[in-house]
Amino acid sequence: MAWNVRVDAQLCQGSGMCAGTVPEVFALDGERARARAEGIEPDERVLDAADICPALAITVHDGNSVIGPRRD
């Protein structure tokens with residue numbers, strides 16, 4: 001099943017950490033990041049990007065479940 005990735009533009013600080021971690025999934029668009037596609041193949045690096053986002057602006061969804069960022 002494909003994952004859906006969302007970047008909340010209101011929270012995003014444009015650090016670029018996500019685009020640096022998974023450039024094929026995230027891009028910087030001006031001062032904010034965005035997901036390049038609606039559905040992506042599961043990739044652990046995408047969860048890593050959600051985890052390291054300083055603003056917690058990235059969410060990763062597997063169907064109806066939020067799987068990223070991962071909580072301790």
Side-chain angles (χ1 to χ4, degrees):
M1 174 180 258
W3 289 353
N4 289 309
V5 180
R6 296 188 183 113
V7 179
D8 185 327
Q10 298 297 318
L11 294 176
C12 179
Q13 298 172 351
S15 73
M17 294 175 77
C18 58
T21 302
V22 198
E24 61 273 21
V25 174
F26 298 99
L28 287 179
D29 192 10
E31 295 182 0
R32 303 289 183 255
R34 65 174 174 81
R36 292 183 181 268
E38 288 289 319
I40 63 162
E41 290 298 313
D43 185 334
E44 187 74 18
R45 296 175 305 148
V46 175
L47 293 175
D48 293 341
D51 291 344
I52 64 172
C53 176
L56 297 175
I58 300 168
T59 54
V60 183
H61 302 260
D62 184 4
N64 292 328
S65 300
V66 175
I67 59 171
R70 294 171 283 203
R71 307 287 185 223
D72 292 340

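Numbers here simply count residues along the sequence, with the first being 1. No hydrogens, no waters, no symmetry mates; every other heavy atom, side chains included, goes into these values.
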Over all atoms of both residues, closest heavy-atom pair of Val60 and Ala50:
CG2-CB, 4.1 Å
Show the atom names and distances, to 0.1 Å, of all donor-acceptor pairs under 3.5 Å that link a side chain in residues 1-8 to residues at least two apart or in another chain.
| unit_1 | atom_1 | unit_2 | atom_2 | d |
| --- | --- | --- | --- | --- |
| Arg6 | NH1 | His61 | NE2 | 2.9 |
| Asp8 | OD1 | Gln10 | N | 2.8 |
| Asp8 | OD1 | Leu11 | N | 3.3 |

Non-neighbouring partners of Ala9 that pass side chain to side chain contact (heavy atoms under 4.5 Å, CB included), sequence neighbours left out:
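Scan of Ala9 (side chain to side chain contact (heavy atoms under 4.5 Å, CB included), adjacent residues dropped) gives none.
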Examine Ile67 and Ile58 and state if one hydrophobic cluster contains both, with Ile, Leu, Val, Met, Phe, Trp and Tyr joined whenever side-chain heavy atoms are less than 4.5 Å apart.
yes
Rounded distance (nearest 0.5 Å) linking atom CD of Gln13 with atom CZ of Arg32
8.0 Å
Output for pair (Glu31 CD, Cys12 SG), nearest 0.5 Å, gives 9.5 Å
Identify all side-chain donor-acceptor contacts of residues 39-49 below 3.5 Å with residues at least two apart in sequence or on another chain.
| unit_1 | atom_1 | unit_2 | atom_2 | d |
| --- | --- | --- | --- | --- |
| Asp43 | OD1 | Arg45 | N | 2.9 |
| Asp43 | OD1 | Arg45 | NE | 3.3 |
| Asp43 | OD2 | Arg45 | NE | 3.2 |
| Asp43 | OD2 | Arg45 | NH2 | 2.8 |
| Glu44 | OE2 | Arg70 | NH1 | 2.4 |
| Arg45 | NH1 | Glu24 | OE2 | 3.2 |
| Arg45 | NH2 | Glu24 | OE2 | 2.3 |
| Asp48 | OD1 | Arg70 | NH2 | 2.6 |

